[in-house]
Amino acid sequence: MNPITTNNIDQYEGKTVTLSGWLVHKRSSGKVRFLVVRDGTGIAQVTLVKAEMDEEHFERYHSLTLESSLMVTGIVKKDDRAPGGYEILASQLNILQIAEEYPIAEKEHGVGFLLDHRHLWLRSSKQHAVLRVRHTVIQTARRFFDDRGFILLDAPIMTPVACEGTTTLFETDYFEEQKAYLSQSGQLYMEAGAMAFRKVYCCGPTFRAEKSKTRRHLTEFWMIEPEVAFAGLPDIMELAESLIVTIVKEVLSSNREDLRTLERDVSKLEMIESPFESISYDRAVRILRNEGVPFERGNDFGGGDETLISDQFEKPVFIHRYPASSKPFYMKNDPEKSSVVLCMDLLAPEGYGEIIGGSAREEDVELLSQKLSNAGLSPEAFSWYLDLRKYGSVPHAGFGMGIERTVAWICGIPHVRETIPFPRLLQRLYP
RNA sequence: UCCCCAGUAGCUCAGUUGGCAGAGCAAGUGGCUGUUAACCACUGGGUCCGCGGUUCGAGUCCGUGCUGGGGAGCCA
């Protein structure tokens, strides 16, 4: 197969090549006709000149519809009039399939329509750019942990029990008389992994049956979750900061063209460097009150609160030591102030909200059992988890980074639904 | 679960005081030897979301249901 693609066409100037792809657009000026062909890596213009090719191939232009698949053979020429600077002067035009009338036009579609056609929408340039950034984000995050000696340890998707209440869990039958729940987090399993391998991470989908209809929520979303033995809150904050800086730098270097397609203001990304600011929950509450928000101490922050706080900073900002009452059972209380837990959230700038959440984990079996009971959970169901504290318990900590929110922030797009190939939303399970 | 907005051609929308169903794009036909969302001419295209009501007459007003969107709550 000929290796030419539109992203390496410059290497073939003057040579005869065969390009395979799909028709994005066509224009005619009579005896000169133009095809814009998409091949998955980019686009290229193909020129059909009546005098340069035989009649039969030239006339195939008429039957071509939007998104028809084709193979075109011709000479690569440099031409400033062509998008990308190169075009193919065709000698042959072969059609693989004539597409039916393509539903997605070149402009003007509503969100509902586009989501109904997500399987086709993926072909458009903006979606292409977002999902290429997503690829870089995941690849860079995984490489980041691999390079630091972490072991990739996959967590199960089907789990026997809820971390929290069952109201936000998707439930499914598991053979006779058993229920399984779709995982909300790989964390508890990563804690087991950290006791086995010291440093581990998982990367996969998580599921929350929350009836949230906001730009920051999906019912199925991806997290990358590292867990580290012999580590405390400061260690994972440093790790999280370094991860974000590394990801942003890599996207800026690998996805310049995509960011341009998305019209992202890259100057806002270029200033993402260490160190990030780190403020306590108490100070965040003071910021809100200074902004005139009648915030009640002890609550968790809402979406609007997070935006107000992050707007005070140009870089991502850590908020640490939330009230224990607002956080889950496994977080370790601050020995210096038992009413708060050793946790942190990282808020992205520009109102994108929490992209990372993590904590030191309670390592004492008695305290952990107590916290489980206080949360209304049965210690029996978590017997395996309590075992981790009975057999060589050590201080450990970890966090989870939400892939979609991170991608949305980096791309500067308003809604997370475009940052995953096939979004699952409150009212949407198709396609 | 609550609040707000919308539903009219394949798509995006307009539709006046309640009085003949409209535009742009897309599609089809023809024209044009360098187009860039090309352009020009012509053509076809409607369950006005469903149900009920008011009225001589409803896309328009009222009630109700459904669907979608935005937001709140919720959200390790």
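Residue numbers start from 1 in every chain, and the chains themselves are labelled A, B, ... in the order their sequence lines are given, proteins ahead of strands. Any value given below was found using the heavy atoms of this structure, including those in side chains, with hydrogens, waters and symmetry copies removed.
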Which part of the nucleic acid, if any, lies within reach of A/Phe113 when heavy atoms closer than 4.0 Å are counted: base, sugar-phosphate only, or nothing?
sugar-phosphate
Given the structure, check if the side chain of A/Glu210 and the base of B/rG73 hold any donor-acceptor pair shorter than 3.5 Å.
no
Does A/Arg361 make a side-chain donor-acceptor contact with the base of B/rA76, cut-off 3.5 Å?
no
Pairs in or reaching into residues 225-247 of chain A: which pass salt bridge (charged side-chain N to carboxylate O under 4.0 Å, His left out), with residues at least two apart or in two chains?
A/Glu227-A/Arg361
Residue pairs passing the salt bridge (charged side-chain N to carboxylate O under 4.0 Å, His left out) test with at least one member in residues 11-28 of chain A, sequence neighbours excluded, are none
Among residues 387-412 of chain A, which residues get a heavy atom nearer than 4.0 Å to RNA chain B?
none
Using the test side chain to side chain donor-acceptor pair (under 3.5 Å), find all partners of A/Asp311 that sit at least two apart in sequence or belong to another chain.
none
What pairs meet the salt bridge (charged side-chain N to carboxylate O under 4.0 Å, His left out) rule with one or both residues in residues 334-352 of chain A, with sequence neighbours excluded?
A/Arg264-A/Glu350, A/Asp282-A/Lys337, A/Arg321-A/Asp334, A/Lys327-A/Asp345
Under the side chain to side chain donor-acceptor pair (under 3.5 Å) rule, collect the residues that match up with A/Gln312, sequence neighbours excluded.
A/Glu291
Would you call A/Lys77 and A/Glu87 a salt bridge, taking side-chain N to carboxylate O under 4.0 Å as the test?
no
Hey, what's the ring geometry for A/His117 with A/Phe113, parallel, tilted or perpendicular (30° and 60° as the breaks)?
tilted
Set out, line by line, the N/O atom pairs under 3.5 Å between protein and nucleotides 42-50 of chain B.
none

Determine, for nucleotides 67-72 of chain B in 5'-to-3' order, which nucleotides have protein heavy atoms under 4.0 Å from the base (write B), from only the sugar-phosphate (write S), or from neither (write -).
-SBBBB
From B/rC32, B/rU35, B/rA76, nucleotide with atom closest to A/Arg27 side chain
B/rU35
Check side chain to side chain donor-acceptor pair (under 3.5 Å) between A/Glu56 and all other residues, then give those that pass, not counting sequence neighbours.
A/Arg60
Name all pairs fulfilling the ring pair (Phe, Tyr, Trp, His ring centres under 6.0 Å) condition that reach into residues 39-89 of chain A, sequence neighbours left out, sorted by first residue then second.
none
Residue pairs, two or more places apart or on separate chains, that pass ring pair (Phe, Tyr, Trp, His ring centres under 6.0 Å) and touch residues 210-248 of chain A:
none
I need the residues from residues 44-60 of chain A with at least one non-hydrogen atom less than 4.0 Å from RNA chain B; give them sorted by number, or say none.
A/Gln45
